[in-house]
Protein chains: 2
Amino acid sequence: MTRDQGIAAAIHDEIERLILNGTWKPGQRIPTELELTARYDCARMTVHKALARLAERGLIVRRRRAGSFVAAPPAEQAVLTIGDFAEEAARTGQRYTHEILLRSEIPAPAGDFTTGEPLLLLHCLHRFDAVPAAWEERLIRIAAVPAVRTARFEREAPGTWLLRHVPWSQAEHEISAATAEAGVARRLNLRRGAALLCLRRRTWHGGGIVTDVRLSFPAERHRFTARFSATTEK
Amino acid sequence: MTRDQGIAAAIHDEIERLILNGTWKPGQRIPTELELTARYDCARMTVHKALARLAERGLIVRRRRAGSFVAAPPAEQAVLTIGDFAEEAARTGQRYTHEILLRSEIPAPAGDFTTGEPLLLLHCLHRFDAVPAAWEERLIRIAAVPAVRTARFEREAPGTWLLRHVPWSQAEHEISAATAEAGVARRLNLRRGAALLCLRRRTWHGGGIVTDVRLSFPAERHRFTARFSATTEK
DNA sequence: CCGCTTAAAATGTCTATACAATAAGTCTAG
DNA sequence: CTAGACTTATTGTATAGACATTTTAAGCGG
């Protein structure tokens, strides 16, 4: 991370280090741009760029006339990466397969969709090395992705297919736990009442909802992990 | 978001809009800095600043000599905000209380800590409106936060107290589901075998682990939600 | 047609300067 | 002592120019 070239990057990294190792504490005022300009013997714009980046990343807060201050540590945040199944399997050397168990066009129920609008309903079972790993129930608004009508989802699972067909969407995620009722338990090869880790994701594009998916994972076979660092390690 | 002042901000926002609404598609080449300089009738540095910001946010990819391209949409990511209990309760108008049920100094077991090092072990029950909402088991490395020895955790829960005493740490989160075994079930007033949503968080500062906490939530009373937008809505 | 060199296009960074915007501090009148 | 006006320190943004860096593309010799 410190291998970046450039004076501005060096200043940025050095100040970041001072903040992260506690030398400069939250609330403390840091030197002004002019002082840093002198210390590093460079142009003010160069210092400014370094500080602007630190401010954008939330490590410092800047106020005109008052100066720059080390920010208070943020409320705990976690950046979850919801991996693509195929990708995840590849990483762990497992074989991934999926199977569409239901495919049906239905009118939208009340809720997030415009009632009555045509939707595609899919049920899909995901397996890692032939063992059921996730159960997916998905609704897709056909008007948002007309091509979905002819998609067969044989090579790609619906989620992966959509990622390629709906660029730059927004999503809302909800993670919860539940106990398996009979239908899901049978699909996932669990006993009724087993704990499930559930992920619901609704995806939007250009103001309209695109898809609403619920994924259920056997508790002992899946977990979400996230590393959060103040420095948003890239 | 578009209320920012300035030419660079305006250019940034306009290009962002073109990408998000699909006018400029992933992979597509966007105009060069020089072309944009002409289009917006401003200095190259101004355009550069706008594009650099878009690149940092991951909406475009820039390659010298080749040009700038709309990036492929990222793998699904979700930014989870793990709210402070007290804060969360205040937001929903509930009354939050916590109770320390165990406090004990123990030598570190094998694992993430240096074996044998003195730790503080805490068990804590969190309640919303007197109803058990979360069960916390926490280890704190005393050497990392010596002040913890004298902290009483009467007004503040351990997590909140630590946030104030350990600035700018890093953390790793793990979310899973489980079924309640007897001890936890009793604390949370659940029947055995009920589904739990579990969060484990390990926090580091300056190279050393600070605390390792496991939180268990009754499945039907808690969920994590996260909104992800390409635009990292602040 | 291949591999090497060379030119050039595009982005990356820095400098120096100017002026704008904000808000903390200071002074003054009452 | 306080309200309001003024000063000024500090950050925010823009400009124009210079040079560095990277990598595609072109040209050329074999």
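Predicted model, so just to flag it, every value in this text is computed and none were measured. Residue numbering restarts at 1 for every chain, and letters A, B, ... go by the order of the sequence lines.
Between A/H12 atom NE2 and C/dC14 atom P there is a gap of 13 Å when expressed in whole angstrom units. Between the CG atom of A/D41 and the P atom of C/dC14 there is a distance of 13 Å, given to the nearest Å. Rounded to whole angstrom, the span from the CD1 atom of B/I7 across to the C1' atom of C/dA20 amounts to 12 Å. Residue A/L54 contributes atom CG, which lies 13 Å from atom P of D/dT11 at whole-angstrom precision. Taking atom NZ of residue B/K49 and atom P of nucleotide C/dT13, one finds them 15 Å apart after rounding to whole Å. C/dA24 atom C1' lies 10 Å from atom CZ of A/F69, rounded to whole Å. Nucleotide D/dA9 holds its C1' atom 11 Å from the CD atom of A/E35, rounded to whole Å. The distance between atom CG of A/L36 and atom P of C/dC14, rounded to the nearest whole Å, is 15 Å.
Using a 4.0 Å cut-off, no side-chain N or O of A/T46 falls inside it from OP1 or OP2 of C/dT13. Residue A/R62 places at least one side-chain N or O closer than 4.0 Å to OP1 or OP2 of D/dG12. Note on A/S68: every side-chain N or O is 4.0 Å or more away from OP1 and OP2 of D/dT10. For D/dT10, the OP1/OP2 oxygens have a side-chain nitrogen or oxygen of A/R29 closer than 4.0 Å. An OP1 or OP2 oxygen of C/dA9 is reached within less than 4.0 angstrom by no side-chain nitrogen or oxygen of B/T32.
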Determine, stepwise, if the pair A/H126 / A/C124 fulfils side chain to side chain contact (heavy atoms under 4.5 Å, CB included). CA-CA 7 Å; A/H126 304 265; A/C124 180; 3.7 Å; yes
Would A/F153 and A/V148 count as a side chain to side chain contact (heavy atoms under 4.5 Å, CB included) here? Give the steps. CA-CA 9 Å; A/F153 308 121; A/V148 82; 3.6 Å; yes
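Checked against C/dG12, D/dG12, D/dT24, the side chain of A/H48 finds its nearest nucleotide in D/dG12. In this structure, the nucleotide among C/dG12, D/dT10, D/dA14 sitting nearest to the side chain of B/R64 is C/dG12.
Of the residues near DNA chain C, A/R63 and B/L51, the one whose nearest nucleotide (by heavy atom distance) lies more toward the 5' end is B/L51. The nearest heavy atom of DNA chain C to B/M45 and to B/E33 marks one nucleotide each, and the one closer to the 5' end goes with B/E33.
At a cut-off of 3.5 angstrom, counting only N and O atoms as typed in the model, there is a donor on one side and an acceptor on the other between the side-chain of B/R65 and the base of D/dT24. Applying the 3.5 Å distance criterion, the base of C/dG12 shares a donor-acceptor pair with the side chain of B/R44.
Contact annotation: the side chain of B/L120 approaches that of B/R103 to within less than 4.5 Å [non-hydrogen atoms, C-beta and beyond].
Classified by interplanar angle (parallel below 30°, tilted 30° to 60°, perpendicular above 60°), the ring pair A/Y96/A/H98 is parallel.
Partner of B/L215 under the side-chain contact (heavy atoms from CB on, under 4.5 Å) criterion, out of B/R138, B/E136, B/R200: B/E136 alone.
Contact annotation for A/A52: no contact, since no heavy-atom pair falls under 4.0 Å across all strands.
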